[in-house]
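Take a look at the structure set out below.
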Amino acid sequence: MPPDPHALPRAVTIREVGLRDGLQSIQTVLPTARKKQWIRDAHAAGQREIEVGSFVPARLLPQLADTAELVAYAKTLPGLVVSVLVPNLRGAEHALAAAADLMLVPLSASHAHSLANLRKTPDEVVAEVAKMRAARDATGSRTLIEGGIGTAFGCTIQGRVAPAEVLRCMQALLDAGADRVSIADTVGYAGPAAVRDLFAQARAIAGERFCCGHFHDTRGLALANVYAALQTGVDRFDATLAGIGGCPHAPGASGNASSEDLAFMLADMGIATGIDLQRLLALRHQVAGWLEGESLHGTLWRAGLPKTHLATV
């Protein structure tokens with residue numbers, strides 16, 4: 001049966017990915033102390049899932065060289081789910097050693113983007129996930145493995161990506177041992193109709209194991225795409241403070257869904273997020289000062305917050 005457009009989730013989790021997806025795409029190398037302050041203040045604002053970095057070689061992404069230290073710090077904050085991105089088995093071993101709560105393994109449904117970004121085909125990434133699952137199980141770790149399927153609606157290198165290929169990759173990740181899967185519109189090609197159709201099919205295959213949507217605002221449709229995904233029952237979304245981010249190997253992938261704009265939209269819809277919007281906007285102002293000269297996005301900070309939305313929602 002098609003999803004009921006009126007049966008929207010009552011609560012939604014916004015996973016903050018600005019410290020990884022955001023910072024990896026800009027030139028500024030933020031000091032570790034400021035990253036810790038960002039994590040601390042985001043937690044104080046009510047965010048309970050934060051992707052703090054990625055275990056990749058420091059020579060490739062010096063912005064993320066302090067990921068292990070950030071994981072250790074973030075895990076001292078009560079109730080915070082700490083996630084990291086890992087591109088390969090070596091990165092997964094670092095994540096396991098750091099005791100991250102979740103490791104996100106990126107897989108590009110676009111073969112061309114997969115080779116440019118990871119130097120692996122999608123099927124080779126799936127094989128790597130099987131090795132990660134074996135390594136995780138051998139240690140007795142409880143770290144979750146999430147397979148994140150990027151370029152799910154196409155990319156600037158290859159062009160169109162067939163929905164059937166996205167769903168094939170999703171099933172392969174689950175078969176390889178991923179605990180859950182997510183779908184990302186890496187370059188902002190998606191529109192609400194395409195999101196609703198693909199997410200409904202993904203939910204039919206993976207059920208609750210399909211856990212998250214990730215949208216870029218390249219064409220101004222990120223929040224519209226979130227709404228379409230909500231109609232399929234998805235209740236977790238990635239976003240970045242001030243909408244920073246992109247993908248170094250996906251030309252045109254400018255700007256993620258803004259955490260503050262998404263939190264405001266959900267509040268306006270009566271959907272609980274646990275986020276104090278006033279505190280989140282104060283954090284945005286602070287981070288904007290740290291990233292002076294970088295491209296920031298989002299609109300709520302310009303318009304201001306109506307008095308009716310000052311409370312935690």
Side-chain angles (χ1 to χ4, degrees), residues 1-15 17 21 49 51 83 102 104-110 113 122 126 144-155 160-175 178-240 245 247 250 253 255-259 261-263 265-266 269 271-273:
M1 293 181 63
D4 180 354
H6 301 293
L8 301 179
R10 294 184 179 181
V12 161
T13 298
I14 297 176
R15 178 167 59 185
V17 298
D21 194 343
E49 295 196 15
E51 188 176 74
S83 63
L102 180 143
L104 175 70
V105 187
L107 178 153
S108 292
S110 159
H113 180 264
V126 169
L144 294 175
I145 301 171
E146 179 180 324
I149 305 171
T151 61
F153 298 89
C155 80
R160 181 178 181 272
V161 171
E165 176 63 7
V166 177
L167 299 173
R168 184 192 74 82
C169 289
M170 170 176 285
Q171 186 64 65
L173 285 167
L174 292 170
D175 291 345
D179 298 295
R180 62 194 210 185
V181 287
S182 54
I183 288 179
D185 179 22
T186 309
V187 294
Y189 272 18
V195 169
R196 187 167 51 248
D197 289 347
L198 182 59
F199 277 43
Q201 293 179 70
R203 291 272 290 175
I205 292 171
E208 296 301 318
R209 296 176 73 187
F210 173 44
C211 68
C212 188
H214 179 116
F215 298 108
H216 284 241
D217 204 36
T218 311
R219 292 171 174 78
L221 291 176
L223 294 188
N225 290 335
V226 167
Y227 184 78
L230 288 168
Q231 292 180 308
T232 71
V234 174
D235 61 2
R236 177 182 286 101
F237 298 93
D238 290 340
T240 65
C247 177
N256 284 271
S258 158
S259 298
D261 287 2
L262 177 54
M265 183 188 82
L266 294 170
M269 295 171 65
I271 297 175
T273 64

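Position 1 is the first residue of the sequence; numbering continues from there. As the structure is a prediction and not an experimental result, all values here were calculated from the model.
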Using the test side-chain contact (heavy atoms from CB on, under 4.5 Å), find all partners of [X] that sit at least two apart in sequence or belong to another chain.
{"X": "Pro122", "result": "Leu107, His111, Ser114, Cys169"}
{"X": "Ala202", "result": "Leu167, Met170, Ile183, Phe210"}
{"X": "Arg219", "result": "Tyr189"}

Partners passing salt bridge (Lys or Arg N to Asp or Glu O under 4.0 Å) against [X] (at least two apart in sequence or in another chain):
{"X": "Arg209", "answer": "none"}
{"X": "Arg168", "answer": "Asp123, Glu165"}
{"X": "Glu49", "answer": "Arg236"}

Could you check whether any side-chain heavy atom of [X] comes within less than 4.5 Å of a side-chain heavy atom of [Y], counting everything from C-beta outward?
{"X": "Val17", "Y": "Arg15", "value": "yes"}
{"X": "Asp21", "Y": "His216", "value": "yes"}
{"X": "Val195", "Y": "Phe153", "value": "yes"}
{"X": "Asp261", "Y": "Asp217", "value": "no"}
{"X": "Cys212", "Y": "Asp238", "value": "yes"}

Kindly compute the distance separating CG (Leu266) from CG (Leu230), expressed to the nearest 0.5 Å.
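With rounding to 0.5 Å, CG (Leu266) is 6.0 Å from CG (Leu230).
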
Over all heavy atoms of both residues, which pair between Leu104 and Gly147 is shortest? Give the atoms and the distance, please.
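The answer is CD1-C, 4.4 Å.
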
Return yes if some donor-acceptor pair links the side-chain N/O of Ser182 with the main-chain N/O of Gly213 below 3.5 Å, else return no.
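Checked: no pair found.
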
